[in-house]
Amino acid sequence: MTAMTAPMGKFGQSVKRVEDSRLITGNGRYVDDLVLPGQTYAAFVRSAYAHARIGAIDISAAEAMPGVVKILTGQDLVDGGLFALPSGWNLNSVDGTPARVGVHHALAVDTVRFVGEPVALVIAETRGQARDAADSVFVEYEELPAVVDMAAALGPDAPQLHPDIPSNRAFTWDIGNAAEADAAFARATRRVSLELRNNRLVPNAMEPRAINAEWRAYDGSMTIYLTHQNPIGMRLFFMMLLGLESENHLRVVSPDVGGGFGSKAPCYAEELVVAFAARAVGRPVKWTAERTESFLTDAHGRDHVTTAELAMDDEGRFLGLKVHTLANLGGYISTSNALVVSYMYATMLCGQYAIPAVHAVVEGVYTNTCPVDAYRGAGRPEAAYVIERLAHLAAREIGVDQAEIRRRNFVKAFPHQTPLVYCYDSGDYEGCLDAALRLADYAGFEQRRAEAKARGKLRGIGLSAYVEACGIGPSKLLASLGGGGGMWESCEIRVQPGGSVEVLTGAHNHGQGHQTVYAQIISERFGIPMDRITVVQGDTDRIQAGTGTYGSRASVGLSAAVKSCEKIIEKGRHIVGYMLGIDPGEVDFAEGIYTSAATNQTVAFTEMAGAAHAASSFPTDKLEPGLVATTFFDPPNFTYPAGVHVCEVEIDPETGVTEVVAFNAADDFGNVANPLIVEGQVHGGLTQGIAQALWENAVYDPDTAQLMTASYMDYGMPRADSLPEFGLAFWPSPTPVNPLGMKGCGEAGAIGSPPAVINAVCDALGIAHVDMPAAPEKIWRLCQERQEAL
Amino acid sequence: MYELAYSRPESLTEALALLAEDEGAQALSGGQTLMPVLRARLAMPSRLVDLQRLPELAGIRLVEGGIEIGAATTHAEVAASAHVRAVLPALADLAGGIGDPAIRHRGTIGGSIANNDPAACYPSALLALGATVTTSRRTLAAEEFFTGMFSTALEPGEIVTAVRFPACQRAAYIKFRNPASRFALVGAFVAQLPSGYRIAITGGGHGVFRWREAEQHLDGGGAMAAITEDMLDLGHFTGDLHGSAEYRHHIAAVIVRRALSTLA
Ligand SMILES: Cc1cc2nc3c(=O)[nH]c(=O)nc-3n(C[C@H](O)[C@H](O)[C@H](O)COP(=O)(O)OP(=O)(O)OC[C@H]3O[C@@H](n4cnc5c(N)ncnc54)[C@H](O)[C@@H]3O)c2cc1C
């Protein structure tokens, strides 16, 4: 046995991430690193038009070029039996009819609907040859008028994207109760309303999308290496869409994944085409997106236009809420987007407030833009933005402080059934608000404002009290809302004869620190050092079942792990009982040692593991040898992380530049397994949210629908030097819905921060609203107007 | 990137010969502009002639009345140079604000001015300070060298070897950053030379230019604070996603005032 010098894990400790030294020293292994025997490379021919009818495709010149192995067009795929891409969620319109899903061929067949849509694939011996030949595929396009703006797309003169979908409207979905909301508005004495835009974002994972697919003709099976958040889910998609015989004919492996933010959760056209191509050429085919391809085709985020109205009484108590949202779907409905714009969004519109009557309508609109799907927060940031902007306006309307209006309306008792399906698990919203206000020295703000004014700067403060839904489940609820169910997570724990532990999880780490946190929690349970625990993930040949990582659902996978630990420990009790000749009920277990109070004897966890495998100290007809436990954990409810963000900005009225000078957040993530990792997640989330509010913006030319922000020259990524030091505090109300009391933290930063920033900007300028991003020229013009008004 | 040949000559003579014998050959310096262009397949040179190791293009030297910087000197070297800090601190500041550390450790002054990006920083310093550009064939005043956006007086096969600046303590550069690229949305280099004030503006869109009205205003004893965009021709500016012509026009006056105020 090795000496126990390695650290022991403990829940709640800031253990450094065990995976990082490997990754930051260049020893990560990504899909693009992998070269298979007989490797070929793929390059896509993409549409330069946003909307066009495809005429003849001439591949003769390209076919004759050096190294070209094969060229595939959309028709080849249809002829080869490849299915169209599905919408992964069944959403019904108000009138009960199912959402109208435009047919999405993996390679466009007769029409292209956004710039960058793939039209053909070239497979060649080298990447350069594939690229050269792709430039020589000549596609005839008959250009059609394109539409970017959703209101225009719904209008009578708009070009129609899909043949059977009039007005480009995929669905008109609603939630809540319109009559009750109307009644509340009729009763209300005060109201505020708002029209806002939630700007479109490009996800920008550091590692671009990549796939390497290998077909084995001899048994009709395929191995796919794929950078993805959910390899097990993708196995099902690949199997169905390629028409493979069974799951057993397909192995999907996601090795190290360099970030996803949701953009590596969908089932994409390109990956399907490459898998199809591997079968067609009988050799491994690899494709790695170039950054321009990422900008043009990685599913974008957000892009809502919303009108919202809040009804109140004279004291500012919220009585009713009405929301109407146009959600830009892009040219097609991406895998999860019908869910993201409906149940991930509108269910959260009440925020932290007890609003009795709500009605929300969401219209899904096709436009000639890249498809939209989940992006860090996926629907919840859009909801938080609506309600937190309204709360800010409500305070102005009633003439009370930003904090006070929230206090008056907070949900105070839990569990809390909202009028929008969900039931909040636990929380202490007022306590959390106070924690945030203390952290931010809210009381001292007016002095800071005055000091800034003396320097010629306009200082403003903005609050945002968000609540979101994580740890998605239970399966039955999700199925009843239109999904396929299956929202559990599994965890298998294998204890080896020497006492080391393998943990097999269907959750897929792509930056979240699973290796560390799983090891930390299991180390503590078993009383063995962390370095004896290995986390295995991302390979469907090794993991039997799982649902991947998105929606901050580590709590679900970790709950499965904890339950498997309990099963192992319990079995150990029986083994030790036989070893010591006592009743298992008299065996205690703590800190890695089984003890018998009666006999004063002890057995270490590792000895017990050896005995489990030796199977000589117990009757194997009564107790099975070996030490493996599997758990499928289906959470009884979502978890509802919540928090309060306080942002302070300073605006230079002469230039319109907005600087975030202070940002403080108090968050309720339930119990926190590893504060270091959680703070890192919050820093990243806040950065993305602040960036949405100030810099990031995907812009399409309104006439040609060309993406004008298709590189870092024009798309404003956040930089560390543009951000303040973040002040963080945890204010946990452990959730009762899982054994660890954890709620999740991955998206919270990106959910709470955009409204905090914009509320601060509005406070600084004394205005009702400005759309994101609060770019310098826009703010400068508002400063000019303000100057004139003074 | 298309396939191409690559040479790394050891001397200026050899580099000039390589450029002369192949019309499709192109000079490569730090590659911070050229490589992205090649990767995007927007240019198709037959050969790259790498200037990075040419001894004739290297080094920072104190010279009579000023400083000479070899064309292959990186932005990071200029920013860190004790010589530059001593005789022309504003130039070190400018170089230290270009791009990010990776770009500053590869990108060069020669490449920057040969490219003459209308949003680049260096051209404004050359123009404001009245620098001279030495090439493989001749010496040119900055005013003659820059001929419009992305264009210079360089002829095919001609190589910039060095830039010579006068010493000047009363100079300042302010870059108003494009929030995405961090190039100059507008940049202003102001200098007070023995001959008078010189103000050069970059980022307007048509290429770097001198704001002569403001120079005259100052030379005539006008107050710095009285400089406004009303004295500046809006025609110098174009707009894009990140700022309209009107906005850039306004910002130019703001940063000129701010730069001047640091001289006082
Ligand atoms: C993300 C990013 C941010 C940037 N930000 C800024 C910024 O804020 N401010 C700024 O000013 N610049 C910025 N740059 C540009 C950077 O400064 C480049 O280094 C510079 O513009 C080109 O220099 P280079 O040495 O890399 O030249 P290269 O890319 O190698 O060459 C550029 C051009 O000049 C020609 N050339 C190079 N050297 C010579 C020579 N000696 N004689 C004749 N022709 C020559 C080449 O043939 C080519 O046409 C940025 C670049 C990037 C990628």
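The sequence lines fix the lettering, A, B, ..., with proteins before strands; numbering per chain opens at 1.
Contact of the R719(A) side chain with the P179(B) side chain is not registered, since no non-hydrogen atoms from C-beta on lie closer than 4.5 Å. Taking 4.5 Å as the limit, some side-chain heavy atom of V657(A) sits within range of a side-chain heavy atom of F176(B). Considering only heavy atoms from C-beta on, Y2(B) comes within 4.5 Å of D135(A) through its side chain.
Atom NE2 of H206(B) is surrounded by more than 12 heavy atoms from other residues, nucleotides or ligands within 6.0 Å. For CZ of F295(A), the number of neighbouring non-hydrogen atoms (other residues, nucleotides, ligands) closer than 6.0 Å is greater than 12. No more than 12 heavy atoms of other residues, nucleotides or ligands lie within 6.0 Å of CZ in R197(A), so this atom counts as exposed by the packing criterion. Atom CZ of R106(B) has 12 or fewer neighbouring heavy atoms from other residues, nucleotides or ligands inside a 6.0 Å radius.
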Worked check of salt bridge (Lys or Arg N to Asp or Glu O under 4.0 Å) between E290(A) and R39(B): CA-CA 10 Å; E290(A) 296 185 5; R39(B) 268 208 312 272; over 6 Å; no
Audit row: R258(B), T655(A), side-chain contact (heavy atoms from CB on, under 4.5 Å) steps and yes/no: CA-CA 12 Å; R258(B) 290 182 182 180; T655(A) 61; 4.0 Å; yes
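Among S244(B), A40(B), G243(B), the residue making the largest number of heavy-atom pairs under 4.5 Å with chain A is S244(B). By number of non-hydrogen pairs under 4.5 angstrom with chain B, the leading residue of M713(A), R291(A), K778(A) is M713(A). Contact tally against chain A (heavy-atom pairs below 4.5 Å) for E3(B), H250(B), M1(B), R41(B): the top residue is R41(B). Comparing V699(A), D652(A), T709(A) by how many heavy-atom pairs each has under 4.5 Å with chain B, the most go to D652(A).
No donor-acceptor pair under 3.5 Å is formed between the side chain of E777(A) and the backbone N or O of H242(B).
Residue T292(A) does not touch chain B at all, counting heavy-atom pairs closer than 4.5 Å. Of the two parts of N178(B), only the side chain, counted from C-beta on, holds a non-hydrogen atom closer than 4.5 Å to a non-hydrogen atom of chain A. In this structure, chain B has heavy atoms under 4.5 Å from both the backbone and the side chain of P776(A). D701(A) does not touch chain B: none of its heavy atoms, backbone or side chain, sits under 4.5 Å away.
Rounded to the nearest 0.5 angstrom, R177(B) CZ and S722(A) OG are separated by 6.0 Å.
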